[in-house]
Amino acid sequence: MGQDPKQKRKQERQMNDQMRVRREKMNELREEGIDPFGHEFKPTALAKELTEKYDKFTKEELEEKDVTVTIAGRMVAKRGSGKVGFADILDRSGKIQVYVRKDVVGDENYHIFKRADIGDFLGFTGEVIKTDLGQLTIKPTHVTFLSKSLRPLPDKYHGLQNKEQKYRQRYLDLISNRESFDRFQKRAKIIKAVRNYLDNTLDFTEVETPVLHPSAGGASARPFVTHHNALDIQLYLRIALELHLKRLIVGGMGRVYEIGRVFRNEGMDKEHNPEFTELESYAAYYDYRDVMDETEGIFRAAAKVVSNDGLITYQGSEVDLDKPFKRVHMVDAIKEATGVDFWSSMSDEDAKKLADEHGVKYESYWKVGHIINAFFEKFVEPTITNPTFVYGHPIEISPLAKKNAKDPRFTDRFELYILGNEYANAFSELNDPIDQKQRFEAQVKEREAGNDEAQGIDEDYVKALEYGMPPTGGLGIGIDRLAMLLTDAPSIRDVLLFPTMRPEEDNN
RNA sequence: GAGCCGUUAGCUCAGCCGGUAGAGCAUCUGACUUUUAAUCAGAGGGUCGGCAGUUCGAACCUGCCACGGCUCACCA
């Protein structure tokens, strides 16, 4: 790290008094023969464990037990008087108080503690006690300096409030805002619960498929474009997992799923990040109704992480995830909300007339199906509160879903809506290669007509279908949105450790 | 992409009608052997996001720029 003196001077100018003091203390430690960035240390206990195990005992009972433990963590608060001091030590499980006495740890150890800053990592070996006020506490006989913090931490009481800084410097958010820390723990547990349900209850196989695609298909979205040097070809970051997973169904894997990052080159807001995590699952011999059952199972398993009775509150609205989810055909839902009946046969012009009458905007290339979908989005979607499967999407907006056997205008597809937001998209997969090719061709026409999110033809995928794919039920769930719902997060950025941000110019 | 709002000490925030900046925490010095947003006494710390402009004078008014947030449009 040999810096030229000019840079060093610049750095010093940018430092405030607190940073200077901390660097001085770091040097002081070195002079005292203590490594300010120490080595391995073996804690024998975590804060939370200790609370669970010992908080139920009285001060006297703990004295009698005489339990000695070693803990380590970041000092996040410090309260001193002359020859004794209290501090809160934060480890990965939570906080615990330490009570350091000069007459117990000795002059040298007490000096280390006294000179330590909030943010430093310390290790303590001592007895588990309770204070006069009944606070479970470690009373150390030995203090070990573990690591120096050269920058001051956010306000201990208010935590870090600045949203931009929370997203850019997530570590500070995690240190100072426990609810944020807990949310990411919950997110991990939610994903684990989903995996466990698919693996063990439904006997799925988890797989990993390529992120780099020669053509981006499986969804309607603009992709990120990249380039492979050795092959000298253009590649796209995947916008969906779909087409590879279905190839695996052709390959006989039967039940597969992937939880993986997908990338869409589109706008960002509190529900969209350019990269997000999607679950997709495909099961041979399932139809969309089986997938509804599967979806309910996944949501219930995930909800168990945060709620025993399936009741959750999202942004002030209560939702019951234990009750069977409602199932309603899109056309029926529109009819109920608006009185407009799309079951009756009509031309594109008829549909556009209805759209005009109801103030629904449309593009010139739209057909009846697009307009039905627009009616749904405008008049039905925002009104849904309890978990509801809306099924029977028009064929025009469902290029990968199987046609309904009785009414070919619609597909055996559903989406799950909760509180006006979409959480899952699923269908009986289109396994007729001839039909699939035609649907791709229709997408190409749409693209030519001005829809730049329409897909191209994936010939290789059509070829796979030609070898034969069993009837299959597929499902996609936005994992980030599921995590938002279950952790009551108002923005997708609150469930992404490092949401996409525009880079800062000056990084100090 | 459009509209609205925000950016002041390390952090959380005040700052009135335009008169060269304040609090709490944190930091520093001192006191204190059971504190828990410890307390008490004292001290230091600012390119008021950036650049222009208006003005005798700008944190405050105007314009442009940067970053962020919210709402809308598109999407999962």
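Each chain gets a letter, A, B and so on, in the order its sequence line appears, and its residues count up from 1.
Note that NZ of A/Lys378 is 9.5 Å distant from NE2 of A/His358, once rounded to the nearest 0.5 Å. The CD1 atom of A/Ile96 lies 4.5 Å from the CG atom of A/Leu50; values are rounded to the nearest 0.5 Å.
By the 5.5 Å and 30° criteria, A/Phe276 is stacked with the base of B/rA76.
For the pair A/Gln161 CD and B/rG6 P, the interatomic distance rounds to 18 Å; values are reported in whole Å. Spacing between atom CZ of A/Arg264 and atom P of B/rA76 amounts to 6 Å, rounded to whole angstrom units. A/Leu150 places its CG atom 15 Å from the C1' atom of B/rU27, with the value rounded to the nearest Å. In this structure, CZ of A/Phe263 is placed 15 Å from C1' of B/rA76, rounded to the nearest angstrom. The interatomic distance linking A/Leu153 (CG) with B/rU27 (C1') rounds to 13 Å, in whole Å. When the P atom of B/rU34 is taken as reference, atom OH of A/Tyr99 falls 6 Å away, rounded to whole Å. Summarising the geometry, the separation between CG on A/Asp88 and P on B/rC25 is reported as 17 Å, rounded to the nearest angstrom.
The residue A/Lys163 sits close only to the backbone: its heavy atoms come under 4.0 Å of sugar-phosphate atoms, none of a base. Within the 4.0 angstrom heavy-atom criterion, no nucleotide atom of any strand lies near A/Lys166. Among the atoms of the strands shown, only primed sugar atoms or phosphate atoms (P, OP1, OP2) are found under 4.0 Å from some heavy atom of A/Gln165. At the heavy-atom level, A/Gln18 lies under 4.0 Å from base atoms of the strands shown. Residue A/Gln97 is classed as a base contact, given a heavy-atom separation below 4.0 Å to a base. At a threshold of 4.0 angstrom between heavy atoms, the contacts of A/Lys102 with the nucleic acid are absent. Note on A/Tyr423: nothing from the nucleic acid sits closer than 4.0 angstrom, heavy atoms only. Contacts of A/Gln135 with the nucleic acid, taken as non-hydrogen atoms under 4.0 Å apart, include base atoms. When heavy atoms are screened at a 4.0 angstrom cut-off, A/Leu160 is found touching the sugar-phosphate backbone but no base atom. No contact: A/Asn177 has no heavy atom under 4.0 Å from any strand.
Across all strands shown, the partner of B/rA52 is B/rU62, judged by Watson-Crick or G-U wobble contacts whose two distances both fall under 3.5 Å. B/rC72 and B/rG1 make up a base pair, with Watson-Crick or G-U wobble contacts both under 3.5 Å. Under the Watson-Crick and G-U wobble criteria, each requiring two contacts below 3.5 Å, nucleotide B/rC40 is paired to B/rG30. With a cut-off of 3.5 Å on both Watson-Crick or G-U wobble distances, the partner of B/rC67 is given as B/rG6. B/rG57 makes up no base pair with any nucleotide shown, lacking Watson-Crick or G-U wobble contacts both under 3.5 Å. Under the Watson-Crick or G-U wobble criterion, with both distances below 3.5 Å, B/rC13 is paired with B/rG22. Base pairing annotation: B/rU35 forms no Watson-Crick or G-U wobble pair, as no partner gives both donor-acceptor distances under 3.5 Å.
Put simply, the side chain of A/Asp269 and the base of B/rC74 share a donor and an acceptor less than 3.5 Å apart. Applying the 3.5 Å distance criterion, the base of B/rG45 shares no donor-acceptor pair with the side chain of A/Asn16. In terms of polar N and O atoms assigned as donor or acceptor, the side chain of A/Asp103 comes within less than 3.5 Å of the base of B/rU33 in a complementary pairing.
Side-chain proximity of A/Ser81 to the nucleotides B/rG44, B/rC32, B/rC28 is greatest for B/rC32. Nearest nucleotide to the side chain of A/Val84, out of B/rC28, B/rU36, B/rU33: B/rU33. When distances are taken from the side chain of A/Asp155 to each of B/rC25, B/rU35, B/rG68, the shortest belongs to B/rC25. Set against B/rG10, B/rC67, B/rU33, the side chain of A/Pro152 has B/rG10 as its closest nucleotide. Comparing atom distances between the A/Arg493 side chain and each of B/rG69, B/rU36, B/rC11 picks out B/rG69 as nearest. Across B/rC11, B/rU33, B/rU71, the shortest atom-to-atom separation from the side chain of A/Lys270 is found for B/rU71. Closest to the side chain of A/Arg79, from the set B/rC11, B/rU33, B/rA38, is B/rA38. With B/rC32, B/rC28, B/rU12 as the choices, the nucleotide that has an atom nearest any side-chain atom of A/Lys114 turns out to be B/rC32. Distance from the side chain of A/Lys156 is smallest for B/rA38 among the nucleotides B/rA38, B/rU27, B/rC70. Distances from the side chain of A/Arg101 to the nucleotides B/rC13, B/rG10, B/rU33 place B/rU33 closest.
Between the side chain of A/Ser93 and the backbone N or O of A/Ala47, at least one donor-acceptor pair lies under 3.5 Å. A distance-only check finds no donor-acceptor pair linking the side chain of A/Thr313 to the backbone of A/Gly316 [under 3.5 Å]. Here the side chain of A/Asp55 pairs no donor or acceptor atom with the backbone of A/Glu52 at under 3.5 angstrom.
Closest approach of A/Glu278 to A/Leu241, counting heavy atoms only: O-CD1, 3.7 Å.
If you take atom C1' in B/rC25 and the same atom in B/rA37, they sit 8 Å apart, rounded to whole Å. Taking atom P on both B/rA26 and B/rC72, the two are 41 Å apart, rounded to the nearest angstrom. Using P as the reference atom, B/rU47 and B/rA9 are 8 Å apart when rounded to the nearest Å. Nucleotides B/rU8 and B/rG50 are separated by 14 Å at their C1' atoms, to the nearest Å. As rounded to the nearest Å, B/rU39 and B/rA52 have P atoms that lie 44 Å from one another. Comparing the P positions of B/rC48 and B/rC60 gives a spacing of 10 Å, expressed to the nearest Å. The P atoms of B/rG6 and B/rG10 are separated by 22 Å, rounded to the nearest whole Å. Going from the P atom of B/rC11 to that of B/rG49 covers 13 Å, rounded to whole Å.
The aromatic rings of A/Phe379 and A/Phe375 sit tilted relative to each other, their planes meeting at an angle between 30° and 60°. Between A/Tyr288 and A/Tyr391, the ring-plane angle classifies as tilted under the 30° and 60° cut-offs.
Using a 90° window around 0 for the glycosidic torsion, B/rU20 falls inside it and is classed as syn. Applying the 90° cutoff around 0 to the glycosidic angle, B/rC11 is assigned anti.
The phosphate of B/rC67 (OP1 or OP2) has a side-chain N or O of A/Arg502 nearer than 4.0 angstrom.
Closest-nucleotide positions on RNA chain B for A/Asn162 and A/Arg168 were compared, and the one nearer the 5' end corresponds to A/Asn162. Between A/Gly80 and A/Ala221, it is A/Gly80 whose nearest contact on RNA chain B lies nearer the 5' terminus.
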message = Is there a salt bridge (charged side-chain N to carboxylate O under 4.0 Å, His left out) between A/Arg238 and A/Glu275? Walk through the geometry before answering.
response = CA-CA 10 Å; A/Arg238 64 184 175 188; A/Glu275 52 179 304; over 6 Å; no
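In this model, no donor atom of one side chain and acceptor atom of the other lie less than 3.5 Å apart for A/Arg413 and A/Ser428.
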